[in-house]
Chemist: 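Please see the structure below; I have some questions.
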2 protein chains.
Amino acid sequence: MAVDRDLVLRTAAALLSRKGTATLDEVAQAAGISRATLHRHFAGRDALVRALEDLAIAECEAALDAARLEEGPAADAVRRLVGGIEPSAGLLAFLYTENQLFEGAEQNAGWARMDARMNALFRRGQESGEFRIDLSPVWLTEALYGLFASAAWAVSEGRVARNDFTHLIVELLLGGASRRERS
Amino acid sequence: MAVDRDLVLRTAAALLSRKGTATLDEVAQAAGISRATLHRHFAGRDALVRALEDLAIAECEAALDAARLEEGPAADAVRRLVGGIEPSAGLLAFLYTENQLFEGAEQNAGWARMDARMNALFRRGQESGEFRIDLSPVWLTEALYGLFASAAWAVSEGRVARNDFTHLIVELLLGGASRRERS
DNA sequence: ACCTGATGAGACACTGACGTCTCAAAAAAG
DNA sequence: CTTTTTTGAGACGTCAGTGTCTCATCAGGT
């Protein structure tokens, strides 16, 4: 048997991305296991969310690596990055809203690492003259998260086509972040 | 005595914008009234959220009116609109995430009205040639909500300055939505 | 000064979700 | 086949949040 922990996590991610308040019963049922077994693998809801964070961070850091942020024009790096993160967008959206509820609890250090790398990318774009400098890297990073969440939600609501996901985000973000061409 | 219902609502909005899971006790305490009195004015949490929706929708529709979306360049109308909605952004962010949890429950018709007006604004901008046409009005509207939420959260986290709020949103959104100048 | 109505404080029961436990059945290992 | 481990089903008890109720208190109007 040996429940496939990773499969459980991915099923939970898919469910919680759609319904953030899903019960542990629902999570277990969605994963095709009993609540008892779910509890044997994840001590509780907190532990499950932490595991999802770890999964999301691992996926995103892999995407960050694969996007080769230091190579070529920053705009192209952003395109590669968004495309690489797309599969994790639903999970990311869930965790993004979930983090707003963590009042005092300490954040997973992985988020800070991701933020730092994204900030660096946007800063590189600014220093190379590709991106405008009146929008701070911090804000661009924050906005990118927001656009991911918006797009993921809009897709799950059927308001935009899943195929357009990356294009919509990249075009809107870069259009704003890129320096305007001469008029 | 006659509790100031509007003041209670605004206090609740301010609290829930920061902590979406706040207890009714906390809401009542923040408003300086007892939970019993809170219950006398709002039948329950649902009713409170509905009232907050009505408040937010009223404020946003007032902002939509004040922004005179039909006048002048669409870009300027967007600027006026974002500036007008800014005071409601925190509340809007709370309701935006809250709506993801409303599974089957029917949505307040006001959201559809707002969406329609924003869609119309972006469509007007496209038809006048100001905005690019490869980003649909629906997506632009959705993205605007997302940017509102991101910015509101970033401000409350201290990551961006409150004074920059409107500028950051407008510049990022319009930079993406506006047609690129000839290069 | 007297009523009337609203408020605050608290008690109470209810509900849903959670965490823990047991035990039999099923799967894997030997 | 036997042993060991894992799982499923369900039965608890717990807890937080909620909805409802009562009653004493207090403000305001008359």
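In the text below, chain A, chain B and the rest are named by the order of the sequence lines, each starting its count at 1. Values in this document were obtained by computation on a predicted structure and should not be read as measured data.
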Chemist: Just by distance, do the side chain of B/Glu130 and the backbone of B/Ala74 share a donor-acceptor pair under 3.5 Å?
Modeler: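 Indeed, once roles are kept as given, a pair shorter than 3.5 Å links the two residues.
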Chemist: Rounding to a whole Å, what distance do you find between A/Leu38:CG and C/dA17:P?
Modeler: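 Value for this atom pair: 15 Å.
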Chemist: Between atom CD in B/Gln29 and atom P in C/dA9, what is the gap in whole Å?
Modeler: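 About 10 Å, once rounded to whole Å.
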Chemist: Counting the atoms with a prime plus P, OP1 and OP2 as sugar-phosphate, which does B/Arg45 contact under 4.0 Å by heavy atoms, base, sugar-phosphate, or nothing?
Modeler: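 Sugar-phosphate, no base atom in range.
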Chemist: Grab the CZ-P distance between B/Arg5 and C/dA6 for me, whole Å please.
Modeler: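 For the pair B/Arg5 CZ and C/dA6 P, the rounded distance is 15 Å.
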Chemist: Under the 6.0 Å and 45° cation-pi test, does B/Arg159 pair with B/Trp153?
Modeler: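 Pair B/Arg159/B/Trp153 counts as cation-pi.
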Chemist: Using whole Å, report how far CG of B/Leu24 lies from C1' of D/dA16.
Modeler: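 Value for this atom pair: 12 Å.
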Chemist: Rounded to whole angstrom units, what separation is found between the CG atom of B/Asp46 and the C1' atom of D/dG17?
Modeler: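 Spelled out: CG on B/Asp46 to C1' on D/dG17 is 13 Å.
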Chemist: CG of B/Leu121 to CE of B/Met118: how many Å apart, nearest 0.5 Å?
Modeler: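 Between B/Leu121 CG and B/Met118 CE, I get 9.0 Å after rounding to 0.5 Å.
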Chemist: Output the rounded distance in Å from CZ (B/Arg40) to C1' (D/dT20).
Modeler: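 The answer, rounded to whole Å, is 11 Å.
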Chemist: Considering only D/dG8, D/dT20, C/dA17, which nucleotide approaches the side chain of A/Thr23 most closely?
Modeler: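 For the A/Thr23 side chain, the nearest candidate turns out to be C/dA17.
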Chemist: Measure from the side-chain heavy atoms of A/Arg35 and tell me the nearest of D/dT7, C/dC18, D/dT18.
Modeler: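 The closest nucleotide is C/dC18.
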Chemist: Is the count of non-hydrogen atoms from other residues, nucleotides or ligands lying under 6.0 Å from A/Arg162 atom CZ greater than 12?
Modeler: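 12 or below, so no.
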Chemist: Send over the distance from B/Asp25 CG to C/dA11 P, rounded to a whole Å.
Modeler: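 Going from B/Asp25 (CG) to C/dA11 (P), I get 13 Å.
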Chemist: Salt bridge or not for B/Arg10 and B/Glu59, using N-O below 4.0 Å?
Modeler: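 Yes.
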Chemist: Within the structure, does a side-chain N or O atom of A/Ser34 lie under 4.0 Å from either OP1 or OP2 of D/dT7?
Modeler: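 Indeed not, no polar side-chain atom of A/Ser34 lies that close.
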Chemist: What's the closest nucleotide to the side chain of A/His39 if the choices are C/dA9, C/dT20, D/dA9?
Modeler: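 Within the option list, the nearest is C/dT20.
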Chemist: What nucleotide among D/dA9, C/dA9, C/dA11 has an atom nearest to a side-chain atom of B/Ala36?
Modeler: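 Side chain of B/Ala36 sits closest to C/dA9.
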Chemist: From CZ of A/Phe42 over to P of C/dC18, roughly how many Å is that when rounded to an integer?
Modeler: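 Spelled out: CZ on A/Phe42 to P on C/dC18 is 15 Å.
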